[in-house]
Undergrad: 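Quick one: structure below, then a few questions.
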Number of protein chains: 2
Amino acid sequence: MRSRKTSIRDVAARAGVSTATVSNVLSGRKPVNADLCERVLEAARALGYQRNRAASSLRSGRSSVVAVLVPDLTDTFFAAIVSSIEALGHDQGYDVIVASSRDNRRIEESRLAAMLEWHPAGVIAIPCSNTVPESLVQQHQDMPVVLVDRVIASEAPTDTVTLDNADSGEIAARHLVERGHRNILLAATRMDIAAISERVGGASELIVRQTGCAPTVLELTSSLARGTEILSSWLERHPLPDAVLALNNVTTLSALSALAGQRIAIPDRVSLMAFDDYPWMSARRTGLSAVDQPVEAMARAAWDRLLLRMQRRQTTAPRSIVFNARLVVRDSVKELEGKKPVRGSTGVPLAVKSSQPEKTGQPRADDDISVH
Amino acid sequence: MRSRKTSIRDVAARAGVSTATVSNVLSGRKPVNADLCERVLEAARALGYQRNRAASSLRSGRSSVVAVLVPDLTDTFFAAIVSSIEALGHDQGYDVIVASSRDNRRIEESRLAAMLEWHPAGVIAIPCSNTVPESLVQQHQDMPVVLVDRVIASEAPTDTVTLDNADSGEIAARHLVERGHRNILLAATRMDIAAISERVGGASELIVRQTGCAPTVLELTSSLARGTEILSSWLERHPLPDAVLALNNVTTLSALSALAGQRIAIPDRVSLMAFDDYPWMSARRTGLSAVDQPVEAMARAAWDRLLLRMQRRQTTAPRSIVFNARLVVRDSVKELEGKKPVRGSTGVPLAVKSSQPEKTGQPRADDDISVH
DNA sequence: CTGAAAGCGCTAACAG
DNA sequence: CTGTTAGCGCTTTCAG
């Protein structure tokens with residue numbers, strides 16, 4: 001059975017060299033004579049040698065592990081982030097250890113604690129709440145940490161990668177308002193998540209400013225099933241709004257389900273603005289108009305930032321990188337006749353900030369700022 | 001900055017005991033006097049001590065890492081598997097390291113090699129091809145390995161967890177045929193993946209037997225975008241079939257996209273049978289009829305099996321656990337008038353094997369067999 | 001039940 | 001460029 005694994009010593013013996021030489025050949029950290037190199041490689045191959053990373057990282061004090069924490073591995077957005085990080089990481093020789101907090105602070109701390117025992121070279125985390133996990137604030141001096149998505153960028157002591165949430169809410173709302181919608185339902189998850197409340201804020205403000213009507217905000221939780229229930233029962237008790245604006249991909253799905261459950265046609269009876277843009281959104285006859293987040297670029301930005309810190313020991317001030325969402329117009333938002341915006345004397349949008357399309361995939365220059 | 005991490009020695013010193021005692025308290029492997037226990041815990045807390053897993057696993061020879069390999073982390077099915085394993089694993093104190101092969105044999109081997117250097121306690125892998133990765137066949141004697149989904153159960157030298165693929169194809173096909181469909185398009189990914197060709201086989205056989213018409217098989221690859229292209233251009237050059245039968249969640253999406261792209265109504269102009277059952281499939285007006293795989297149960301079975309082997313050193317014969325798919329009837333398959341099946345003198349289905357519904361989530365008793 | 005000491009497999013320092 | 005040696009932080013004998 002499990003005979004003692006062949007170690008570097010066995011290889012050294014077979015190749016007739018010292019263990020140090022073997023190590024140097026295998027890790028390539030110090031130059032070695034081509035001859036010996038060959039012999040070592042040969043011996044290693046013959047013995048089926050496999051280096052022991054635990055030993056190696058223990059001795060060297062370096063780690064090639066990156067820890068990734070997300071609230072839910074089945075959420076399309078988080079899965080996309082993990083997938084990108086995994087690819088990027090492996091390309092640089094890092095192994096990725098993942099954990100899901102299942103949207104629970106307690107689990108989050110416990111998962112983090114477990115992962116931190118590996119003394120990872122860095123961690124990329126999407127916290128489940130606004131408060132930066134205790135263990136990360138404690139350790140971020142000693143270990144690069146990048147916080148993504150659900151963070152209050154200005155309050156985090158670490159690098160952050162986020163969306164300009166308020167702006168994204170505004171973009172979505174503007175599209176709805178410009179097409180004559182006034183009575184708008186905001187499908188949020190939980191208002192205590194900054195990303196969400198900021199989107200709600202951005203959308204609400206614009207809606208109120210332009211139409212004078214305050215939107216209704218519904219908290220659907222982060223559970224798809226629960227969200228569908230909540231929205232369904234709300235729909236039963238209330239007159240149909242002009243439009244539903246979903247504030248992330250889960251609420252988008254909840255909205256879709258609830259609406260489908262009551263056979264409410266989109267966009268004939270209600271318009272729907274989706275958040276995020278995944279294949280399943282556009283794979284049906286009436287594709288969903290959406291506010292799209294540059295997920296991949298965000299993942300890359302997080303990775304680049306982490307890599308930088310992992311490579312250079314120097315501690316520069318934390319930086320927050322902010323991305324912009326992009327409007328994708330498809331068929332789920334109807335043009336409402338005779339219901340033009342009331343306020344705003346001209347047809348010109350009141351807010352100009354993002355009327356000019358930004359290149360997706362590029363952090364916004366003016367927001368790519370250093371705080372602290 | 002990165003001051004030397006506090007080690008077990010610091011804790012020992014502060015508590016006035018030996019390092020051995022600290023270790024015993026912290027790991028709980030040997031009983032320790034309650035007094036000392038308290039003191040050690042106190043000291044550890046005060047110093048913010050964090051165990052070093054690399055050192056611990058190096059010395060003890062035990063590992064608390066489980067490696068998980070999948071072909072694509074953004075695929076809903078694989079993401080669901082990873083998510084379940086992660087939860088199950090963490091609950092038992094295992095950390096999960098993930099890698100995606102991106103459906104490429106070379107990457108697969110390299111990812112595996114990297115992960116194996118951690119000497120994981122076990123690995124759960126969904127290979128990207130039929131051939132069991134070399135490194136796994138080499139090491140599976142020394143380290144528990146469970147292969148899932150894309151495996152030829154009878155040929156694998158390890159435990160396997162699979163779907164009864166032929167049967168699942170049959171279930172889907174039967175539903176279509178019973179509703180009068182004859183001209184059926186099979187949307188496969190690649191026929192060199194056993195799981196897929198078995199589904200195709202099961203479906204084809206039934207279709208031919210019942211209707212006399214051979215279905216068309218289209219290989220859409222495992223890329224959603226590519227698949228959509230391929231199917232779209234096929235649709236442009238061929239008369240519309242009665243139905244499209246998708247053989248996994250990716251081809252389901254490709255089919256949906258291609259059909260939507262050409263504004264072909266489902267089920268009015270073509271029926272569609274989906275494979276797998278995820279929220280986005282039922283979130284629209286015409287919900288998709290589907291053949292559903294008990295993903296969660298499969299993940300649990302894989303985990304249970306792995307755990308068993310990780311705990312008990314004994315090597316019993318590899319076991320293949322086979323699950324059954326379940327038919328979910330919704331609205332995407334139309335009842336075709338005047339097009340009843342031709343063969344089969346009575347209305348009784350020819351194949352009885354799975355006419356009796358099985359409990360989902362339970363491995364089929366008669367197939368839960370040992371091979372080798 | 002507790003402590004002293006050895007050493008897991010590897011790499012870093014240094015000496016040659 | 002190569003070998004010797006020490007020791008990373010921990011767990012595990014084995015004495016006491």
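Because only heavy atoms are used, hydrogens play no part in the values below, and waters and symmetry mates are left out as well, while side chains stay in. A, B, ... follow the sequence lines: proteins, then strands. Residue 1 opens every chain.
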Undergrad: On DNA chain C, does the nearest nucleotide to A:K30 precede the nearest nucleotide to A:V22 from the 5' side, or the other way round? Give the residue.
TA: A:V22
Undergrad: Does a side-chain N or O from B:S56 land closer than 4.0 Å to OP1 or OP2 of D:dC10, or not?
TA: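 No, B:S56 has no side-chain N/O under 4.0 Å of OP1/OP2 on D:dC10.
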Undergrad: Any side-chain N or O of A:N33 under 4.0 Å from OP1/OP2 of D:dT2?
TA: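 So the side-chain polar atoms of A:N33 do come within 4.0 Å of the phosphate oxygens OP1 or OP2 of D:dT2, strictly under.
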Undergrad: Hey, does B:R51 reach any base, or is it just sugar-phosphate, or nothing, if we go heavy atoms under 4.0 Å?
TA: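 Since only primed, P, OP1 and OP2 atoms lie under 4.0 Å of B:R51, the category is sugar-phosphate.
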Undergrad: Can you find a side-chain donor-acceptor pair between B:T158 and B:R309 that sits under 3.5 Å?
TA: no
Undergrad: Should we say atom CD of A:Q92 is surrounded by more than 12 heavy atoms from elsewhere, each under 6.0 Å from it?
TA: yes
Undergrad: Give a yes/no answer on whether the side chain of B:S18 brings an N or O atom under 4.0 Å of OP1 or OP2 in C:dT2.
TA: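 The answer is no; no side-chain N or O of B:S18 sits under 4.0 Å from OP1 or OP2.
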Undergrad: Under 4.0 Å between a side-chain N or O of B:R59 and OP1 or OP2 of C:dG7?
TA: no
Undergrad: With distance as the sole criterion, is a donor-acceptor pair present between the side chains of B:T162 and B:T160 under 3.5 Å?
TA: no
Undergrad: Using OP1 and OP2 only, check whether a side-chain N or O of B:S7 sits under 4.0 Å from D:dG9.
TA: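 For B:S7, the contact criterion (side-chain N or O under 4.0 Å from OP1 or OP2 of D:dG9) is not met.
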Undergrad: So do the side chains of A:R51 and A:S27 get within less than 4.5 Å of each other, counting heavy atoms only?
TA: yes
Undergrad: How is B:S60 classified with respect to the nucleic acid when contacts are heavy atoms under 4.0 Å: base, sugar-phosphate, or nothing?
TA: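 Sugar-phosphate only.
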Undergrad: Using only side-chain N and O atoms of B:R62, determine if any of them is under 4.0 Å from OP1 or OP2 of D:dT12.
TA: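 So the side chain of B:R62 is within the cut-off, an N or O lying under 4.0 Å from OP1 or OP2 of D:dT12.
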